[in-house]
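For the numbers below, each heavy atom of this structure counts, side chains included, while hydrogens, waters and symmetry mates do not.
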Amino acid sequence: CCKSDQSMTEKERLEHRERITAMQRMREDKIAKRQKLAAASAHQRWMVASHCIQHEYLIRKGIAPNGARIEGDKLLIAMRDTAGKVHSLQTIASDGIKMFMSGGRIKGCFFGIGKPKGALIVCEGFATGASIHECTGHAVAVAFNAGNLEAVAVALRIKYPELKIIIAADDDHQTPGNPGLTKATAAVKAACASLAMPVLKEAA
């Protein structure tokens, strides 16, 4: 609409808001349809993928497969909700390049390693999560990126109201705003969780 909100009549204002609501609904419907198609494809790909025994990326990181699968020459990481449904996939190439499925849902989805027994640790990346699990024995939820930490932590808090949840933050101290720590802190507050972060040693 070319008119400002203040210059509209009440009828025009109402019609304008209804148009905006309708456009938002159409956009949400398109996103939902893309995510539904992506989920079906992700489930099919995950079911036919081979169980991973070893991969160059795992060797370089010094970690075990921890439930990852193989598709061609790439690692396949399932992205599930708290009910266990696969919504999308992340692929990791031998050189460490990571890709998400086009149109797949990310928000609130995670890759679980281990079974929660007293504590559950939420972190960003697969290699980080695998390392944490192998070092501590605690179950881990890989949220895939800092922006998804809060959604995953809140979803897990709803599923496990009595469980101790720990957010393992990436300390992006060289990035303006330190998104790893900032997003992790927000997740801690939203999910009534605890915060853990790496202690960085300065080079001698």
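- Side-chain contact between Thr82 and Phe110: present, with at least one pair of heavy atoms (C-beta onward) separated by less than 4.5 Å.
- The heavy-atom pair separating Cys52 from Leu75 by the smallest distance is SG-CD2, 3.6 Å.
- When all heavy atoms are compared, the tightest approach of Ser94 to Arg60 is O-NH1, 2.8 Å.
- The two residues Gly108 and Val152 have their closest heavy-atom pair at C-CG2, 3.9 Å.
- Annotation: Lys98, atom NZ; neighbour count of heavy atoms from other residues, nucleotides and ligands within 6.0 Å is above 12.
- The shortest heavy-atom contact between Val142 and Phe126 is CG1-N, 3.5 Å.
- Partners of Asn178 under the side chain to side chain donor-acceptor pair (under 3.5 Å) rule, at least two apart in sequence or in another chain, are Asp171.
- Heavy atoms only, all atoms of each residue included: Ala64 and Leu58 are closest at O-CD2, 4.1 Å.
- Checking side-chain atoms of Asp170 against main-chain N and O of Asp172 turns up no donor-acceptor pair under 3.5 Å.
- Gln24 is listed as a side-chain neighbour of Arg27, based on a closest heavy-atom distance under 4.5 Å.
- Taking 4.5 Å as the limit, some side-chain heavy atom of Ser194 sits within range of a side-chain heavy atom of Lys164.
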Step-by-step side-chain contact (heavy atoms from CB on, under 4.5 Å) determination, Asp81 to Arg105:
CA-CA 10 Å; Asp81 60 20; Arg105 171 183 156 187; 4.1 Å; yes
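- Considering all non-hydrogen atoms of both residues, Leu163 and Gly118 come closest at CD1-C, 3.5 Å.
- Looking only at side-chain heavy atoms (C-beta outward), Lys107 and Asn148 come within less than 4.5 Å of each other.
- Side-chain N or O atoms of Arg45 include none that pairs as donor or acceptor with a backbone N or O of Ala40 at under 3.5 Å.
- Evaluated for a side chain to side chain contact (heavy atoms under 4.5 Å, CB included) with Cys109, the options Lys85, Gln90, Met79 yield exactly one hit, Met79.
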